[in-house]
**Q** 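One structure is given below, represented as structure tokens, and several questions about it will come after.
Lettering of chains follows the sequences in order, A, B, ..., and the numbering in each one begins at 1. We use all heavy atoms of the structure for the numbers below, so side chains are in, but hydrogens, waters and symmetry mates are not.
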Amino acid sequence: MDIKKSMDVSRKEDNTQFLSYLRDVEKKWQKAWSDAKVFEAELDNKKQKYFITVPYPYPTGPLHIGHGRSYTVGDVHARYERMQGKNVLFPMAFHITGSPIESISNRLKEGDVEFTNLYKSYVSIYLSDQEKIDNTLKSFANPIEVANFFASNICRDFDALGLSIDWRHKFTTGDALYNSFVSWQFRKLKEKGYITTGSYPILYAVKEKQAVGEDDIAGGDELAIEIKEHAAFEAHVSKDIDLLCTCPADIASGEPIKITINPEATYVIASFNQKKLITSEQSVEKLANQGKNLKVTERLLGKEILKRFPTASCAQYNELKLADGQVNSDVASGVMLETTPAKSKDLQNEKNAALIPDFLFYDIAAEKLPVKTRAGSKVIVAVVDGQWFIDYSIKEWKSVAREALSETKVTPERYRKQFNDAFDWLAKRPCARERGIGTRLPFDPKWIIEPLSDSTAYMAFYVVSHKLKTAGAHPEKLVDQFWDYVFLGRGSLKNVETLTGLESKTIESMRTDFLYWYPVDERHTAVAHINNHLSFFIFTHAALFPKELWPKSIALNNLVIRDGTKMSKSKGNVIPLFDISEKYSSDLFRLFIISAGELDSVLDWNAAGIDNMASRLQRFKDVFEQANSFHNEGTLDKKDALLAEWFASTIEMNIQTAKVLYDSYKYRDAIQKALFDNLNCIETYLKYSKEKDRAVVNNALEKIVLGISPVVPHLAEELWRNTGREGFISLMRWPEESAYNKLLIEGFEAVNRSIEDINKITKIMKGSIAKKVTIIIADDWKYELVARLNMQKPKSIGEALSTNANIIGEHKEEASEIVKIFTRIGGETHVPERNIEKLMTSALVELIKDHTNMNEVIVLDAVETNSDKKFKALPGKPAIIISE
RNA sequence: GCAGGGGUGGCAGAGCCUGGUCAAAUGCGACGGGCUUAGGACCCGUUUCCUUUAGCGGAUGCGAGAGUUCGAAUCUCUCCCCCUGCACCA
């Protein structure tokens with residue numbers, strides 16, 4: 001009984017044992033890579049460079065497997081390019097700009113219990129000691145500590161995933177050196193006139209006199225808060241007093257129907273621009289913050305308005321109505337104008353007579369009003385003056401950006417349209433805020449550049465970041481002349497040397513490095529970034545750099561869901577990236593991410609799929625090792641030699657196909673070929689070849705392990721070394737192409753067709769005890785006929801028959817059958833060579849037995865038999881006789 | 001509303017650009033069988049319907065409808081439904 005139990009355990013643990021094996025292998029090779037600095041890329045003029053970037057993460061919490069997808073795919077790409085002999089630079093940094101990190105710090109300081117527990121759970125992913133957890137949480141009072149803690153753990157996660165990153169380039173967007181770079185970037189944009197200033201509506205806490213973000217608002221993430229524009233109209237109620245009516249701007253072009261006010265709410269009569277207006281009491285403060293100061297002269301309830309102005313002449317409107325609480329006096333002016341459905345576009349030019357020109361009333365639209373900050377003070381919309389914008393609508397900029405886009409490869413190509421649309425739509429974008437972490441606007445330091453605007457050209461900074469650090473550059477000395485020199489080749493080296501205090505050879509090497517690594521060869525990220533980040537990325541590059549430094553290629557992937565539902569913090573179904581390397585395995589994760597779906601399809605993470613992938617990967621490893629372990633005993637007979645050649649050919653073909661697929665970003669199909677198809681091929685070979693060819697197997701295994709290494713680098717590294725090979729597979733070249741024998745592959749396919757046919761027949765014959773199958777290879781003339789048909793492409797059956805009468809001879813009936821089948825419109829038919837078909841079939845009789853329930857297989861040439869069935873035999877599809 | 005993407009078999013998901021070899025890859029599930037004392041794991045087979053103790057047959061079929069074509073899951077048009085983004089959130 002005990003034995004049974006222990007057997008149970010060992011069987012059940014099969015999977016977990018394999019996973020733990022993988023984890024050990026992963027840790028071992030990650031250490032080896034890091035010790036040998038294999039991913040540190042240096043300028044090398046003998047090698048073609050390849051600069052790939054994936055957007056840096058925002059360290060406000062642990063990354064989850066959804067984030068893991070983009071980084072993994074980026075890494076597969078990086079590794080593949082490295083195998084093509086390219087000098088690959090794959091750097092990484094951290095984005096800490098803006099308010100989220102501060103806001104986390106603040107909320108923890110405020111002692112929000114739910115929030116504190118959330119962060120406790122995040123920290124506990126990485127730490128187990130309770131005291132350490134508490135201390136870490138305490139340290140979060142300083143926002144930088146939040147960023148530091150998560151950033152360092154994300155580094156760990158990335159390493160554990162096997163990402164081939166050159167960490168020397170790491171920085172955060174809060175670093176002074178980075179700020180200097182961004183300042184330069186913004187001054188450049190300003191010089192070009194791409195940065196403008198103006199007024200802009202923002203969410204604003206009245207009491208604190210401060211702009212607020214979504215994080216500052218109570219329930220901000222659920223309220224779906226929006227700033228809405230309301231058009232204003234005036235409606236006379238007496239000779240000198242007007243109602244200030246408002247209506248959402250998007251329906252303002254409709255025909256006005258009626259005006260509604262709330263009888264219980266307080267309204268005011270106030271003077272504005274030599275007019276007297278009636279508006280809600282709440283609106284006065286809002287308008288004051290939108291640059292419209294009203295002087296209140298009198299207060300009155302809504303219901304008093306009609307009493308006071310019974311003869312209200314609202315000529316344009318049918319009705320002035322008092323509504324019971326139907327009108328929220330806290331929305332815009334509290335005097336609602338209803339309209340008929342909006343007019344069609346061509347009618348919209350007809351402005352409503354009562355519309356007050358240039359009077360827009362901004363207010364908040366949210367699921368629940370009023371909107372308050374977490375501290376409880378009221379949030380309104382204020383219009384700030386002096387807001388800085390990046391003006392993407394400037395014509396010359398747009399057109400040069402369009403040009404840059406047209407020269408950028410977009411994968412999948414169908415997303416190009418979305419880019420084009422985004423480019424059309426991009427206009428002025430506010431680029432700075434009054435608070436948060438980041439770079440101050442160089443020409444107006446009270447503003448801080450916002451997160452999306454400071455991350456559009458940082459790939460250039462990557463190239464020099466490590467050298468600036470090691471050279472001990474002083475951020476305040478990195479004046480524009482320095483950046484101009486390094487990135488644009490302007491100015492004199494001497495001058496820059498004096499200004500920065502850096503050695504001239506350091507400066508010169510940064511310039512050389514930049515020219516070597518730039519442009520960005522590949523930007524890999526999620527589809528969601530097209531409308532903003534990726535578009536800004538192209539715009540900024542088009543603005544700053546000459547054409548030859550514009551981005552080469554953008555590749556996109558979709559998101560990851562779990563068990564059919566979106567992952568979200570609130571659902572609690574998020575899997576942190578940490579769990580992958582600790583509880584599953586990085587190679588398994590990588591394999592799943594790559595093979596479970598094409599890049600632009602949504603990927604569903606589910607336990608069944610993972611388990612399945614684990615057992616397939618294990619099978620691969622077992623079969624690989626088994627193939628590697630046999631020794632030659634005898635000599636190869638003709639059949640074995642044939643099978644060996646078939647095996648070598650199939651592997652070679654699969655690897656060549658895989659390369660084409662990798663090249664076109666079809667990683668899923670590529671790994672299908674390189675791993676799973678090859679696995680089947682090895683298994684078939686091992687099973688059905690009596691004597692194996694050591695050299696052939698060795699060669700095939702080498703190709704296979706190279707072919708899978710971009711996706712499962714750790715296991716590949718281990719198998720590489722375990723099979724007596726030297727060096728890191730991560731630095732090996734993709735296998736050289738060699739010729740392969742296609743005829744043998746076709747021959748094998750013919751055998752598979754025979755198996756299918758045998759099974760079809762036995763199904764029909766169910767109940768029969770027949771166990772013997774005779775396979776008859778078609779007559780020679782049929783092969784010749786098919787070959788001719790492929791060349792001749794005859795237009796009709798008659799033509800085909802008459803032109804080939806000499807080889808058809810008296811077999812007219814059979815021939816017309818063949819012609820019918822093999823002259824389908826649309827192209828050639830592939831048939832194996834007759835000799836090979838015959839040899840392959842007899843070499844694989846065991847395979848046929850295994851896949852059918854036959855126990856005797858006889859292969860005959862048509863000339864060796866008189867059976868009637870032999871007339872049914874076709875090239876590539878022999879006649880089959882099943883008998884007892 | 002505007003813009004983008006999509007609707008395929010019990011489920012998930014390829015195929016669609018470049019129409020025929022697509023009753024439609026692959027995985028999961030289900031069913032049957034092998035191996036097992038048994039379960040799990042593994043292996044083999046079946047998984048729209050009809051016909052057939054002999055394979056290369058027929059029908060229906062890829063959101064709905066219409067069209068182009070010798071031929072449509074694939075091309076065109078109309079309709080219905082679903083998802084995503086819409087700016088200061090990163």
**Q** So which nucleotide does B:rU60 pair with, by the Watson-Crick or G-U wobble rule with both distances under 3.5 Å?
**A** none
**Q** Base, sugar-phosphate, or nothing for A:Ile202, non-hydrogen atoms under 4.0 angstrom?
**A** nothing
**Q** If you measure from the C1' atom in B:rG6 to the same atom in B:rG15, how many Å do you get, rounded?
**A** 15 Å
**Q** Pairing check on B:rG32: which nucleotide meets the Watson-Crick or G-U wobble criteria with it, both distances under 3.5 Å?
**A** B:rC44
**Q** Paired with B:rU37: which nucleotide, if any, by Watson-Crick or G-U wobble criteria at under 3.5 Å for both distances?
**A** none
**Q** Just the rounded figure in Å: distance from C1' of B:rC2 to NZ of A:Lys417.
**A** 12 Å
**Q** Measure from CD1 on A:Ile437 to C1' on B:rA90 and round the result to the nearest Å.
**A** 13 Å
**Q** Any heavy-atom pair between the side chains of A:Tyr200 and A:Phe389 that's under 4.5 Å?
**A** yes
**Q** Taking atom CD1 of A:Ile195 and atom CH2 of A:Trp388, what is their separation to the nearest 0.5 Å?
**A** 8.0 Å
**Q** Could you state the CD-P distance from A:Glu102 to B:rA90, rounded to the nearest angstrom?
**A** 11 Å
**Q** If you only use heavy atoms from C-beta on, which nucleotide in B:rA90, B:rG4, B:rA54 is closest to the side chain of A:Asp421?
**A** B:rG4
**Q** So, do A:Phe423 and A:Tyr392 have ring centers that fall under 6.0 Å from each other?
**A** no
**Q** So do A:Thr60 and A:Val146 actually touch side chain to side chain, heavy atoms under 4.5 Å?
**A** no
**Q** Please report the distance separating the C1' of B:rA14 from the corresponding atom of B:rU52, rounded so that it comes out in whole Å.
**A** 33 Å
**Q** Please examine the side chains of A:Thr173 and A:Tyr458, heavy atoms only from C-beta on, and report whether any two atoms are closer than 4.5 Å.
**A** no
**Q** With a 4.5 Å limit on heavy-atom distance, are the side chains of A:Thr841 and A:Ile848 in contact?
**A** yes
**Q** Taking for each residue the nucleotide of RNA chain B bearing the nearest heavy atom, is the 5' side occupied by A:Lys428 or by A:Tyr58?
**A** A:Lys428
**Q** Using the P atom as the point on both nucleotides, what is the distance between B:rA66 and B:rA73, in whole Å?
**A** 14 Å
**Q** Is there a Watson-Crick or G-U wobble partner for B:rA23 with both distances under 3.5 Å, and if so, which one is it?
**A** none
**Q** Measure the distance from CG on A:Leu556 to P on B:rG4 and round it to the nearest whole Å.
**A** 17 Å
**Q** Need one value for A:Pro55: base, sugar-phosphate or nothing, where a base atom within 4.0 Å counts as base even if backbone is also close, heavy atoms only.
**A** nothing
**Q** If we take the C1' atom in both B:rG13 and B:rG7, what is their distance in whole Å?
**A** 13 Å
**Q** Using Watson-Crick or G-U wobble geometry with both distances below 3.5 Å, tell me the partner of B:rU69, or none.
**A** none
**Q** Can you tell me which nucleotide in B:rG4, B:rA90, B:rA14 comes closest to the side chain of A:Arg668?
**A** B:rA14
**Q** Do any N or O atoms of the protein come closer than 3.5 Å to N or O atoms of nucleotides 42-44 of chain B, and which pairs are they?
**A**
none

**Q** On RNA chain B, does the nearest nucleotide to A:Thr97 precede the nearest nucleotide to A:Arg616 from the 5' side, or the other way round? Give the residue.
**A** A:Arg616
**Q** Can you tell me how far C1' of B:rG27 sits from CZ of A:Phe592, to the nearest Å?
**A** 10 Å
**Q** Considering just the side-chain nitrogens and oxygens of A:Ser99, establish if one lies under 4.0 Å of OP1 or OP2 belonging to B:rA90.
**A** yes
**Q** When the C1' atoms of B:rC81 and B:rC22 are considered, how many whole Å apart are they?
**A** 26 Å
**Q** Suppose you measure atom C1' in B:rU51 against the same atom in B:rC35; what distance do you get, rounded to whole Å?
**A** 36 Å
**Q** Between A:Ile671 and A:Tyr667, is there a side-chain heavy-atom distance shorter than 4.5 Å?
**A** no
**Q** Is it the case that the ring center of A:Phe150 lies less than 6.0 angstrom away from the ring center of A:Tyr58?
**A** no
**Q** Rounding to an integer number of angstrom, what distance separates B:rU76 and B:rC16 when you compare their P atoms?
**A** 14 Å
**Q** Under a 4.5 Å cut-off applied to non-hydrogen side-chain atoms, are A:Leu591 and A:Leu675 in contact?
**A** yes
**Q** With side chains defined as the heavy atoms from C-beta onward, is the minimum distance between A:Pro451 and A:Arg433 less than 4.5 Å?
**A** yes
**Q** Write down the protein N/O and nucleotide N/O pairs, taken from nucleotides 82-86 of chain B, whose separation is under 3.5 Å; answer none if there are no such pairs.
**A**
unit_1: B:rG85; atom_1: O2'; unit_2: A:Asn531; atom_2: ND2; d: 3.2

**Q** Closest approach to the side chain of A:Gln418, judged atom by atom: which nucleotide of B:rG55, B:rA14, B:rG4 is it?
**A** B:rG4
**Q** Could you please spell out the steps behind the side-chain hydrogen bond (donor to acceptor under 3.5 Å, both in side chains) verdict for A:Asp391 and A:Thr196?
**A** CA-CA 7 Å; A:Asp391 192 350; A:Thr196 59; 4.5 Å; no
**Q** Report the distance from atom CD1 of A:Ile449 to atom C1' of B:rC89, rounded to the nearest whole Å.
**A** 18 Å
**Q** Using whole Å, what does the distance between atom P of nucleotide B:rG27 and atom CG of A:Leu588 come to?
**A** 17 Å
**Q** Tell me the interatomic distance from A:Phe676, atom CZ, to B:rA25, atom C1', rounded to whole angstroms.
**A** 15 Å
**Q** Ignoring the backbone of A:Arg429, work out which of B:rG55, B:rA87, B:rA25 is nearest its side chain.
**A** B:rA87
**Q** Does A:Tyr415 put a side-chain nitrogen or oxygen below 4.0 Å from OP1 or OP2 of B:rG4?
**A** no
**Q** Please measure how far the C1' atom in B:rU8 lies from the corresponding atom in B:rA3, and state the result in whole Å.
**A** 26 Å
**Q** Touch check for A:Ala879, heavy atoms < 4.0 angstrom, all strands: base, sugar-phosphate only, or nothing?
**A** base
**Q** Is it the case that atom NZ in A:Lys398 sees more than 12 heavy atoms from other parts of the structure closer than 6.0 Å?
**A** yes
**Q** Contact class for A:His95 (heavy atom, under 4.0 Å): base, sugar-phosphate, or nothing?
**A** sugar-phosphate
**Q** Hunt down the Watson-Crick or G-U wobble partner of B:rC89, both distances under 3.5 Å, from any strand shown, or write none.
**A** none
